[in-house]
Amino acid sequence: MPLKVYNSYTRQKEVFHSITPGHVGMYVCGPTVSGESHLGHARPYITFDFIFRYLTYKGYKVRYVRNITDAGHFEEEGKEAEDKVGKKAILEKLEPMELVQKYTNLFHWAMLQFNCVEPSIEPTATGHIVEQINMIEKIITEGYAYEVNSSVYFDLKKYAATHDYGKLSGRVMDELLETTRELDGQQEKRDKADFALWKSAAPEHIMRWKSPWGEGFPGWHIECSAMATKYLGAEFDIHGGGMDLQFPHHESEIAQSTICNHHAPAKYWIHNNMITINGKKMGKSYNNVIKLTEMFSGNHPLLTQAFTPMTVRFFILQSHYRSPVDFSSEALQASEKALKRLWEAYEVLKKLQVGTSEKGTDVALETKVLQWINEFDDFMDDDFSTAKILANMFELAPVINGIKDGHIPANAITASTLVLLQQQFKIYLEDVFGLTQTTSGDDGALQGVMQLLIDIRKESKAKKDYATSDKIRNQLTSLGIELKDEKDGGMSWNR
RNA sequence: GGUCCUGUGGCCGAGUGGCUAGGCAAAGCUCUGCAAAAGCUUCUACAGCAGUUCGAAUCUGCUCGGGACCUCCA
């Protein structure tokens with residue numbers, strides 16, 4: 001079954017054919033590092049992480065480019081830094097690159113927590129001013145941009161006359177021309193809908209670069225076009241990002257790149273849906289932003305507890321990436337427990353021994369198990385249906401636990417099926433979904449201490465000295481270590 | 001106001017016209033010194049109304065509700 005992806009540009013699922021066989025170029029809009037990453041940011045990066053991982057698993061060599069937007073309009077802690085910065089404020093606190101560094105570091109830290117694979121290239125906007133200027137010059141040469149008062153604007157009306165502007169976002173040009181809004185430089189544009197490619201910098205503007213049109217800074221959309229073109233070429237396979245970027249960001253990217261490169265930039269546009277809180281998109285105006293640091297610490301009024309990065313990752317995997325997902329502490333708690341159950345089943349599965357006898361196979365069970373396993377690839381090929389794969393894994397969990405407990409005979413499924421089951425769980429849980437063990441039990445000394453406690457407890461249990469055995473278990477529980485008596489008389493623990 | 005999406009059992013969520021996704025919670029049972037875990041069982045829903053169809057959560061229309069985008073936005 002071939003991989004099918006939903007292409008936002010054509011609004012349908014399409015069979016995925018990479019431009020260069022065996023290779024995939026993927027560009028994903030990265031963060032603006034003017035603030036701390038919040039829960040909403042987690043979704044696109046986790047989504048495109050499992051897409052990247054899956055394409056890699058399918059055998060593609062993927063070049064994954066994700067930019068860092070470190071130029072433009074900056075704020076800190078809700079205060080508009082740039083507009084009101086007098087010289088005093090500049091001296092007192094803000095070196096823009098300090099902010100950029102701080103939030104870039106925080107972003108990288110969060111991505112590490114989520115176990116996201118690092119992109120192949122992570123270019124910064126400020127590192128590509130030259131490329132952006134070159135691109136703007138080309139667009140001017142092509143006749144689709146004009147300079148006014150040291151700023152350069154894209155001539156949207158001219159573009160729209162011969163190109164399908166608005167197709168990606170389902171926008172109609174006439175409507176756009178009617179929108180009224182007060183933006184800086186509005187009166188100097190030929191048309192209200194025209195967007196800036198280069199803006200002349202006011203004297204107090206901190207971040208500024210020399211250009212053929214005077215000192216200024218790049219517009220909001222040109223960086224992605226310039227960097228995508230540089231690292232992935234005029235046409236590449238996948239362009240991704242959040243749905244809210246479709247307009248105007250991605251629409252403008254298409255326009256810029258099409259004029260500059262005489263080719264539409266991306267073959268497939270993939271957009272993830274939003275995370276909402278109580279049905280509302282996360283946003284400063286709603287006062288419902290949960291930063292990732294707050295998420296992991298539980299330090300937020302909307303949170304009843306801390307949630308691990310893996311719980312958040314699992315929570316996102318449980319719904320389809322194109323569906324909106326509503327956040328609540330309750331929903332996260334459910335995910336936390338579900339992940340724990342699934343991961344424990346996986347740990348059990350890893351230790352299951354292949355049976356020696358091929359007799360006694362439960363054909364009905366064997367058939368079902370094989371079907372559930374084989375569907376993993378089918379579901380993923382069907383526009384990355386991660387939720388369905390997890391559902392199948394939960395169907396398989398009782399089988400795995402049943403074999404371990406002895407409810408199901410060890411030879412009920414064939415050895416080859418068991419091996420396949422082990423392989424597929426490993427591939428999907430770890431390699432594709434990027435989940436990792438959240439418990440840390442690899443400490444050698446702790447292992448030894450635990451073994452000692454388990455031995456003591458076994459002895460006291462054998463003597464029916466339950467006071468001692470309960471004391472050990474209760475003390476460990478209060479330390480956050482869970483001790484379980486196994487059916488076979490053994491004991492296992494985790495935390 | 002315009003464009004688009006959406007409304008699934010107590011909660012979260014998957015759903016390609018027919019074959020009760022799954023998870024969490026809850027209840028009962030089994031196992032167990034007691035727990036925990038695990039296993040088994042129960043809970044069969046698709047906003048409302050009308051239509052198409054042998055058959056609709058799934059298609060169409062209307063009504064009501066929710067959301068996104070139209071402005072920086074993941």
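Convention: sequence-line order gives letters A, B, ...; per-chain numbering from 1.
Comparing B/C70, B/A14, B/G22 by their closest approach to the side chain of A/Lys388 singles out B/A14. Looking at the side chain of A/Ala331, the nearest of the listed nucleotides B/C12, B/A38, B/A74 is B/C12. Nearest to the side chain of A/Val325, among B/G13, B/A14, B/C73, sits B/G13. Relative to the side chain of A/Asp326, the nucleotides B/C73, B/G13, B/G39 differ in distance, and B/G13 lies closest. Closest contact between the side chain of A/Ser385 and the listed nucleotides B/G15, B/C69, B/G13 involves B/G15. Closest to the side chain of A/Trp220, out of B/A74, B/C40, B/C72, is B/C72.
Going from atom CG of A/Leu429 over to atom CG of A/Leu342 covers 5.0 Å, rounded to the nearest 0.5 Å. With rounding to the nearest 0.5 Å, the separation of OG in A/Ser169 from NE2 in A/His249 is 13.0 Å.
In this structure, A/Ile408 reaches neither bases nor backbone, as no heavy-atom distance under 4.0 Å exists between it and the strands shown. Note on A/Met243: nothing from the nucleic acid sits closer than 4.0 angstrom, heavy atoms only. Residue contacts for A/Met282: at a heavy-atom cut-off of 4.0 Å it reaches a base atom on one of the strands shown. Counting non-hydrogen atoms under 4.0 angstrom, A/His38 reaches a base of the nucleic acid. Contacts of A/Val348 with the nucleic acid, taken as non-hydrogen atoms under 4.0 Å apart, are absent.
Both tests pass for A/Arg66 against the ring of A/Tyr45: distance under 6.0 Å to the centre and angle within 45° of the axis.
The distance between the ring centers of A/His250 and A/His221 does not fall below 6.0 angstrom.
Atoms NZ (A/Lys340) and P (B/G22) sit 22 Å apart, rounded to a whole Å. In this structure, A/Gln12 atom CD and B/U16 atom P are separated by 16 Å, rounded to whole Å. Computed from coordinates, the A/Leu390 CG to B/G15 C1' distance equals 15 Å when rounded to whole Å. Rounded to whole angstrom, the span from the CZ atom of A/Arg11 across to the P atom of B/A68 amounts to 18 Å. Nucleotide B/U16 holds its C1' atom 13 Å from the CD atom of A/Glu375, rounded to whole Å. Atom pair A/Asn272:CG and B/C69:P shows a separation of 13 Å (rounding to whole Å applied). Protein atom CG of A/Asn401 is 9 Å distant from nucleotide atom C1' of B/A37, rounded to whole Å. Atom CG of A/Asp378 and atom C1' of B/U16 are 13 Å apart (whole Å).
The separation of B/A47 from B/G65, taken at their P atoms, amounts to 16 Å, rounded to a whole angstrom. Between B/G13 and B/G7, the distance separating the two C1' atoms is 13 Å to the nearest Å. Across the P atoms, B/G9 and B/U52 are found 28 Å apart, a figure rounded to whole Å. Rounded to whole Å, the P atom of B/C69 lies 11 Å from the corresponding atom of B/A74. With P as the reference atom, B/G1 and B/C72 are 23 Å apart, rounded to whole Å. Comparing the same atom, P, in B/U42 and in B/G23 gives a spacing of 14 Å after rounding to whole Å. Spacing between B/C49 and B/A14 at atom C1', rounded to whole Å, works out to 27 Å. Nucleotides B/C73 and B/C5 have their P atoms positioned 23 Å apart, rounded to a whole Å.
Base-pairing analysis of RNA chain B finds the following stems of at least three consecutive Watson-Crick or G-U pairs, with both pairing distances under 3.5 Å: B:1-7 with B:64-70, B:10-12 with B:22-24, B:26-30 with B:38-42, B:47-51 with B:59-63.
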Item to complete: Take A/Arg313 and A/Asp49 through the test salt bridge (charged side-chain N to carboxylate O under 4.0 Å, His left out) and record every step on the way to the result.
Response: CA-CA 11 Å; A/Arg313 189 168 176 119; A/Asp49 186 59; 2.6 Å; yes
Discussion item. Pair A/Lys4, A/Asp381 - check salt bridge (charged side-chain N to carboxylate O under 4.0 Å, His left out), show working.
Written reply: CA-CA 6 Å; A/Lys4 281 195 261 178; A/Asp381 280 337; over 6 Å; no
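Taking for each of A/Ala397 and A/Cys29 the nucleotide of RNA chain B with the nearest heavy atom, the 5'-most of the two is the partner of A/Ala397. The 5' end of RNA chain B is approached more closely, in terms of each residue's nearest nucleotide, by A/Thr276 than by the other of A/Gly40 and A/Thr276.
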Item to complete: For nucleotides 30-36 of chain B, just jot down a letter per nucleotide in 5' to 3' order: B, S or -, based on protein non-hydrogen atoms under 4.0 Å.
Response: -S-BBBB
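Within a 6.0 Å sphere centred on NZ of A/Lys458, heavy atoms belonging to other residues, nucleotides or ligands number more than 12. Environment of CD in A/Glu118: sparse, with no more than 12 heavy atoms of neighbouring residues, nucleotides or ligands closer than 6.0 Å.
By the 4.0 Å N-to-carboxylate-O rule, A/Glu482 lies close enough to A/Lys340 to be salt-bridged with it. Taking 4.0 Å as the cut-off between side-chain N and carboxylate O, A/Arg322 and A/Asp383 count as a salt-bridged pair. A salt bridge links A/Lys404 with A/Glu486: the closest approach of a Lys/Arg side-chain nitrogen to an acidic carboxylate oxygen falls below 4.0 angstrom. Using a 4.0 Å cut-off between a side-chain N of Lys or Arg and a carboxylate O of Asp or Glu, A/Asp470 and A/Lys461 do not qualify as a salt bridge. Salt bridge A/Arg53/A/Glu430: absent, no basic N to carboxylate O contact under 4.0 Å.
Donor-acceptor pairing under 3.5 Å is lacking for the side chains of A/Thr477 and A/Asn474.
One finds no side-chain N or O of A/Ser323 lying less than 4.0 angstrom from the OP1 or OP2 phosphate oxygen of B/U6.
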Give me the distances for all protein-to-nucleotides 24-26 of chain B N/O pairs that come in under 3.5 Å?
from, atom 1, to, atom 2, distance (Å)
B/A25, OP1, A/Lys337, NZ, 3.0

